[in-house]
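A quick write-up on the structure given underneath.
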Amino acid sequence: MGILTACIGMLLGLVTFIMYQKKYLISEEGKEIGLMVKKLDAKSIGTIVGSIAIIFFMLNFKQMFKSDVDIISYFIYGAMILMPIIIFSDKSLTKIEIQRISVIFILVFFVIFFWGAFEQAGASLTLFAERQTERTIFGWEMPASYFQSVNPLAVIALAPVFTIIWGFLYIRKLEPSSPKKMAIGLALVALGYVVIAIAVKGLGVEDKVSMWWLIALYIIHTMGELCLSPIGLSMVSKLAPLRLSSLMMGTWFLGNAAANKFAGTLSALIPPTAGAEATAGPLVYPSFLGFEITNLYEFFMLFIIMTGVAAAILFVLSSWLQKMMHNDHVEGIDLSVENR
C-alpha cells in the first residue's frame with residue numbers, strides 16, 4: 001500500500017511539473033531554467049535502466065547474498081562524503097558561490113543530528129509508548145501508533161502561529177537568521193527530551209508514565225521542526241547557484257536520508273529493561289561510544305547531549321555562517337509581497 005501511494009504521488013508530481021513548467025520554470029528574460037533537454041537515445045535509455053538496476057541491487061543486497069554487510073549505510077554515508085567533492089570540483093564556481101554552498105553543507109551536517117533525534121518518533125518512542133506509557137482513556141486503551149498523529153496535528157495548529165511570529169519579528173528587523181532558527185530547532189528537540197527524561201527518571205521496569213509527557217515531547221519537537229525544516233528548504237533554494245539548485249536540493253534530502261539511517265542506529269540503543277520480556281540469561285545492555293545505557297533516563301540523556309551540543313555549536317557559528325551567505329534576503333523565508 002505504501003509503495004502504491006508513493007507511485008501515485010510521483011505520477012501526480014510528474015503531471016503537475018509537465019503542466020506548469022512553462023509557466024513557473026522560466027527566468028526573468030522569459031527563458032527556460034535548467035539544462036537543455038536532450039532526446040532519449042540508446043545511451044540515455046541504457047543509463048536510466050542501469051541506474052534503476054543498481055538501486056534495485058543495493059536495496060536487495062542482503063536478501064540476494066544473505067550478507068550482514070549494511071550496503072545501504074555505505075552508500076548513504078559514502079554519498080555524503082562524495083557529494084561535496086564532486087560539487088566543489090566544479091571550476092566554474094565563484095568565491096561567493098563556494099561560500100554559500102559551504103553553508104548548505106555545514107547546515108546539512110547539523111540537520112543530521114536534528115532528524116536523528118526527531119525520527120525516534122517512529123522507533124524508540126513508539127516502543128516507549130507501547131511499553132511504559134499509560135494509554136487508557138475512560139476505559140479505552142489507545143494504540144501506541146496513535147501518538148504518530150500528534151505531530152501532523154501540531155504542524156497544522158502551530159504553522160500559522162510561527163508564520164505570525166516570523167512576520168512580526170521580520171517587520172521589526174528582529175527575525176533570526178536561518179542558522180539561528182535551525183539552532184533553535186535543535187534546542188527545542190533537546191528540550192523535548194528533557195521533558196521525557198524528567199518523566200522517566202527513577203522509573204521502574206513495570207512502571208508507566210502519563211501520556212501527557214509524551215504528547216508534550218511531540219509538540220515541542222513539532223515546534224523545532226517548524227524552526228528548521230521549512231527554513232532549511234527555503235535557504236537551499238536561495239543559496240544554491242541556479243544551475244546547481246536541483247543537485248543541492250537533492251543533497252539536502254540526502255542529509256535527511258543519512259539522518260534517518262542514523263536514527264535507526266540510535267533507536268537500537270534503547271535498553272532491554274524498557275518493558276522487554278525477561279530472558280533466561282543475563283541482560284546485555286547496549287553501549288554508545290563506550291557508555292553503557294542501562295535505563296531509559298540514560299537513553300534519553302544521549303539525545304539531550306547530542307542535540308544540545310549541536311544547537312550550542314550552531315548558534316556560535318551562526319554569525320559566521322550568516323556572513324558567508326552574502327545576501328540579506330536569505331535570512332529565512334522572504335515575506336515581501338512580491339515573492340509570496
Side-chain angles (χ1 to χ4, degrees), residues 17 21 25-27 29 31-59 61 69-116 177-179 182 228-229 231-262 310 313-314 317-331:
F17 171 78
Q21 62 176 328
L25 295 181
I26 56 174
S27 64
E29 294 79 18
K31 297 181 180 179
E32 292 186 5
I33 297 174
L35 300 175
M36 295 293 294
V37 178
K38 297 181 180 180
K39 293 183 178 179
L40 283 178
D41 51 18
K43 183 178 179 181
S44 300
I45 295 174
T47 301
I48 294 171
V49 174
S51 300
I52 295 173
I54 291 172
I55 293 172
F56 177 81
F57 174 80
M58 289 181 173
L59 292 175
F61 184 87
V69 177
D70 193 350
I71 191 68
I72 301 299
S73 293
Y74 290 136
F75 176 72
I76 293 175
Y77 295 135
M80 288 294 298
I81 297 173
L82 187 61
M83 192 60 68
I85 297 175
I86 294 175
I87 292 176
F88 286 128
S89 64
D90 186 350
K91 297 186 182 300
S92 67
L93 292 174
T94 65
K95 182 179 178 180
I96 291 179
E97 286 176 339
I98 290 174
Q99 290 183 347
R100 287 179 171 176
I101 292 173
S102 297
V103 172
I104 295 175
F105 279 117
I106 291 171
L107 293 178
V108 165
F109 173 76
F110 284 98
V111 161
I112 291 176
F113 295 101
F114 175 86
W115 292 116
S177 64
S178 295
M182 299 175 95
L228 183 140
S229 185
I231 304 303
L233 292 171
S234 175
M235 178 208 63
V236 172
S237 65
K238 293 171 183 176
L239 283 180
L242 190 59
R243 64 188 183 281
L244 297 176
S245 57
S246 297
L247 183 61
M248 293 309 303
M249 190 62 72
T251 301
W252 178 262
F253 285 106
L254 179 61
N256 290 350
N260 277 269
K261 188 63 181 175
F262 183 48
I313 294 174
L314 182 55
L317 294 177
S318 60
S319 296
W320 173 63
L321 294 174
Q322 185 177 348
K323 292 179 181 178
M324 292 177 64
M325 289 178 172
H326 294 285
N327 194 335
D328 293 337
H329 293 289
V330 299
E331 306 307 320

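Just so it is clear, the values below take in all heavy atoms, side chains as well, and ignore hydrogens, waters and symmetry mates. Fair warning: this is a prediction, and the values are worked out from it, not measured in the lab.
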Any donor-acceptor pair under 3.5 Å from S237 side chain to S234 backbone: yes
For S245 against A240, the heavy-atom pair lying closest together: CA-CB, 4.0 Å
Minimum heavy-atom distance between A79 and P84, given as atom pair plus value: O-CD, 4.5 Å
State, with a plain yes or no, whether a side-chain heavy atom of [X] is found less than 4.5 Å away from one of [Y].
{"X": "M249", "Y": "L233", "answer": "yes"}
{"X": "L247", "Y": "I86", "answer": "no"}
{"X": "S177", "Y": "M325", "answer": "no"}

Measure the [atom1]-[atom2] distance between [X] and [Y] for me, rounded to the nearest 0.5 Å.
{"X": "Q99", "Y": "L321", "atom1": "CD", "atom2": "CG", "answer": "11.0 Å"}
{"X": "L107", "Y": "L314", "atom1": "CG", "atom2": "CG", "answer": "6.0 Å"}
{"X": "I104", "Y": "M248", "atom1": "CD1", "atom2": "CE", "answer": "4.0 Å"}
{"X": "T251", "Y": "L244", "atom1": "OG1", "atom2": "CG", "answer": "9.0 Å"}
{"X": "M324", "Y": "K95", "atom1": "CE", "atom2": "NZ", "answer": "10.5 Å"}
{"X": "S229", "Y": "M182", "atom1": "OG", "atom2": "CE", "answer": "8.5 Å"}

From CA spacing to verdict: side-chain contact (heavy atoms from CB on, under 4.5 Å), R243, S92: CA-CA 11 Å; R243 64 188 183 281; S92 67; 3.3 Å; yes
Scan the side chains in residues 108-115 for donor-acceptor partners under 3.5 Å anywhere in the protein, sequence neighbours excluded, and list what turns up.
residue: W115; atom: NE1; partner: N256; partner atom: OD1; Å: 3.2

Qualifying ring-ring contact (aromatic ring centres under 6.0 Å, His included) pairs with a residue from residues 77-99, counting only residues at least two apart or across chains: F88-F105
